[in-house]
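For reference, the structure discussed in these notes is given below.
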There are 2 protein chains.
Amino acid sequence: MTAEADFSSKQMPAVVIGLSAVVVAVQGHEPKVFIVRGAEHALAAGVTSPNEEGDALPFGPFDPLQHKTLEEGLRTWVRDQTPLSPGYFEQLYTFGNRGRYAGQRDETKRVVSVGYLALTHEKPNAEKSERVFFGNWYDYFPWEDWRDGKPRILQDAIEPGLKRWIAAADTAEEKEHRRMRAQVCFGLSDAKGAAAAWDEEKVLERYELLYGANLVYESIRDKGMKVDYVLVPGRSMLYDHRRILATAMGRLRGKLKYRPVVFELMAAEFTLLNLQKTVEAIVGHRLHKQNFRRLVEGSGMVEEVAGKKSAEAGGRPAALFRFRRDVLLERSAPGVKLSASMGG
Amino acid sequence: MTAEADFSSKQMPAVVIGLSAVVVAVQGHEPKVFIVRGAEHALAAGVTSPNEEGDALPFGPFDPLQHKTLEEGLRTWVRDQTPLSPGYFEQLYTFGNRGRYAGQRDETKRVVSVGYLALTHEKPNAEKSERVFFGNWYDYFPWEDWRDGKPRILQDAIEPGLKRWIAAADTAEEKEHRRMRAQVCFGLSDAKGAAAAWDEEKVLERYELLYGANLVYESIRDKGMKVDYVLVPGRSMLYDHRRILATAMGRLRGKLKYRPVVFELMAAEFTLLNLQKTVEAIVGHRLHKQNFRRLVEGSGMVEEVAGKKSAEAGGRPAALFRFRRDVLLERSAPGVKLSASMGG
DNA sequence: TGACTTATGCTCATTCTGAGACTAAGTTGC
DNA sequence: GCAACTTAGTCTCAGAATGAGCATAAGTCA
């Protein structure tokens, strides 16, 4: 036991801190992430080879001289790279794995990336182009959307892929270990046929499992492998950005349940169905309408607005509600409790 | 909107990543943190002036050449600086505030610190010395221990201090803002006398408020101030380590409720009272015994062991239980639900 | 006007909680 | 050996929260 921590030694290699933002909005009942696409961006970042192209999150390096805090640095990059001004920021996680930052050939310049979650309300007319746009987050994680029942991709691609991976284990012990992980993450039924439940918050765990099983593009890319089988469908991202997105999705799905963060995604006034659809978009499954209403109204987090709304599809016009901002300052503001319900 | 992220520019100042560990154990029904004390340690770290001395967490810099991941680096430092081998690690938060790393005079060498939480079970005979020991975490946060009712320190020091701070606001608006924050964090009663609830998870928010109100030593130290009033009692720590500890306490208090992490703090076999006292030590308030038992037994997380125990104080011997490790692999393993109860 | 759509109110059985009474099985003092 | 005390463990009970569904209200559309 020797304490020889030494911050001052000259031989400590420089570390660059990368800041990435998962900027989330819900448009047309679909969860969206702000995406920056293209080789220019990658080139500007100086960490990829020129022939790499793909989707990325808004990101940039932390500059200790300019930015007083990490979050301030992040806000600067978001301001520079997006037309948005999210009202909510939250730090997610700091990733420092070697080899997880594709294109980074120079090992002496290690990038550690700090991921942030930002929430905003943007109407669908927000700036759109080939290079910069809001992408549906289920394009990157098709297996996470259970709103119309269990996604096909699970039977069609993931379960076979995982079974192949399990079978390829060297030892019986390793095989059992893989089986367990698959069961916990994806609810794969075990030997006895007992299927585990799907936990919608385990987004990162599932992605990491697919990465470890070489079933997503990033694992192939990072390890420089060639594969002769078909990868699991779903868009990939540059660097470790899909992992950061997975972290954001899991975190947001969890946070929703105990903090009133949904309202950051809503317009100033909204109907309860609107609110429900937004929550459903995030958590990826449907809710029981009447109970959702009871919960939200009973929580005291919203107040009714005088006018009515009808522009929606034909049907009885819904009452408009507004978030009571002051509850943020009251007791520990609760979230939106939710319980699965596959039926409408 | 310009994307000019540039990771490769030479002028980007070097950033050193500091890794700090909050290693928690519960001994004799008291929550403990592993502390490294002394000027040598601070000197070795090269970031403080020689005349500074105080309590610190085990910590050290992240070395990108040696450590494959941040967590691996942290484990190395914990191994080197403590006699422990915690079974549970979790990343807490990454702090990058300028001026929050005391003694750091050289602004070009900015330290960003990544805090980790580690849990371990250690009997009270673990290595003890003046320099390296387990300290009661309520020594650093006396106002967080409500096990014997509301701590005196709140009326005696904190509430007067906060009132002074509120009164010292420049504008009426700022005054109201301060009042609100104090109310939310500390349950200070508002103008109408309505007292808000105490949320045991808001440990960090409370510490930050005291820091901002210049009521703890660290705020005075970091800003180089002189004060003519008495600070709120409670041990301080070097650097931003008390803030990291606060983060750990809040996180652990929250996590306890939805993940079975308490068991990391327990011996292999334990009585239910034992388990309850451990939970109480962490969350800082008492629980209803019968209901706690009902919950734990009903959760299926523990199984009874054949033998009985009696070594405890005189009374009926309690049954011994053991954590069912396999539940970690089952569905989303639940935590220990708990509800306040001031009575035994 | 009738079919259809969405909003909103209400009921009901079940489970979960918080609180407490009560019984069981040891130890300690005399 | 017995009274007094201490901790363990069972059981009850009322009220709140939850999950599911029925019924009615208030619009649109053809």
Side-chain angles (χ1 to χ4, degrees), chain A residues 28-29 197 200 256-258 269-280 283 285-322 331-332 334-344, chain B residues 28-29 197 200 256-258 269-280 283 285-322 334-344:
Chain A
H29 301 168
E200 78 253 3
L256 223 52
K257 290 161 198 158
Y258 62 96
E269 300 186 345
F270 48 84
T271 68
L272 292 184
L273 183 61
N274 231 287
L275 185 65
Q276 184 183 339
K277 290 292 178 189
T278 301
V279 172
E280 289 178 350
V283 300
H285 66 241
R286 302 220 179 279
L287 303 172
H288 184 282
K289 187 170 170 175
Q290 293 91 326
N291 291 347
F292 180 81
R293 156 180 293 273
R294 175 174 64 190
L295 230 50
V296 173
E297 283 194 282
S299 72
M301 288 189 298
V302 298
E303 59 190 0
E304 208 172 330
V305 178
K308 291 269 186 185
K309 190 180 190 175
S310 60
E312 308 286 312
R316 174 172 172 177
L320 283 176
F321 288 81
R322 159 194 316 137
R331 60 203 70 243
S332 47
V336 179
K337 300 267 172 36
L338 33 95
S339 47
S341 155
M342 292 285 73
Chain B
H29 301 169
E200 78 251 3
L256 223 53
K257 290 161 197 157
Y258 62 95
E269 300 186 344
F270 48 84
T271 69
L272 292 185
L273 184 62
N274 230 287
L275 184 66
Q276 183 182 340
K277 290 293 177 190
T278 301
V279 173
E280 289 178 350
V283 299
H285 66 241
R286 301 223 178 278
L287 303 171
H288 184 282
K289 185 169 166 174
Q290 294 90 328
N291 292 347
F292 179 82
R293 156 180 294 270
R294 176 174 64 190
L295 231 49
V296 173
E297 284 194 282
S299 72
M301 288 189 298
V302 298
E303 59 189 1
E304 208 172 329
V305 178
K308 291 269 186 185
K309 191 179 189 175
S310 61
E312 308 285 311
R316 175 173 168 176
L320 281 178
F321 288 81
R322 159 194 316 140
V336 179
K337 301 268 171 35
L338 34 95
S339 48
S341 156
M342 292 285 70

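In what follows, chains carry the letters A, B, and so on, assigned in the order in which the sequence lines appear, proteins first and then strands, with residues in each chain numbered from 1.
A pairwise comparison of heavy atoms in A/Glu200 and A/Val283 identifies CB-O, 3.8 Å as the closest pair. Nearest approach of B/Leu287 to B/Glu280, heavy atoms of both residues: N-OE2, 2.9 Å. The heavy-atom pair separating B/Val305 from B/Phe321 by the smallest distance is CG2-C, 4.0 Å. Contact between A/His288 and A/Asn291 at its shortest, heavy atoms only, is ND1-N, 3.1 Å.
Rounded to an integer number of Å, the gap from CD of A/Glu297 to P of C/dA7 is 12 Å. Straight-line distance from the CG atom of A/Asn291 to the C1' atom of D/dT18: 7 Å, rounded to whole Å. Here the P atom of nucleotide C/dC22 and the CZ atom of B/Arg293 are 19 Å apart, to the nearest Å. Rounded to a whole Å, the CZ atom of A/Phe292 is 12 Å from the P atom of C/dA7. Rounding to whole angstrom units, CG of residue B/Asn274 and C1' of D/dT7 are separated by 13 Å. For B/His288 and C/dC16, the NE2 to P distance is 18 Å, given to the nearest whole Å. Nucleotide C/dT8 holds its P atom 12 Å from the CD atom of A/Gln276, rounded to whole Å. Taking atom CG of residue B/Leu320 and atom C1' of nucleotide D/dA8, one finds them 12 Å apart after rounding to whole Å.
Atom CZ of B/Arg294 and atom CD of B/Gln290 lie 9.5 Å apart (nearest 0.5 Å). If you take CG on A/Leu295 and CG on A/Leu272, they are separated by 11.5 Å, rounding to the nearest 0.5 Å.
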Using the 3.5 Å cut-off, write out each protein N or O paired with an N or O of nucleotides 23-25 of chain D and the distance between them.
residue: D/dA25; atom: N3; partner: A/Arg316; partner atom: NH1; Å: 3.1

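Residue A/Lys289 has its side chain nearest to C/dT8 when only D/dA26, C/dT8, D/dT10 are considered.
With sequence neighbours left out, B/Leu273 forms a side chain to side chain contact (heavy atoms under 4.5 Å, CB included) with B/Thr271, B/Gln276, B/Lys277.
For the pair B/Phe270/B/Thr278, no side-chain contact is recorded, criterion being any heavy-atom separation below 4.5 Å from C-beta on.
Summary of the strand contacts: B/Arg294 and B/Leu272 both lie near DNA chain D, and taking for each the nucleotide with the nearest heavy atom, the more 5' one is attributed to B/Leu272.
Each end of the helix from C/dT1-D/dA30 to C/dC30-D/dG1 gets its own axis from five base pairs, and the two axes differ in direction by 10°, given to 10 degrees.
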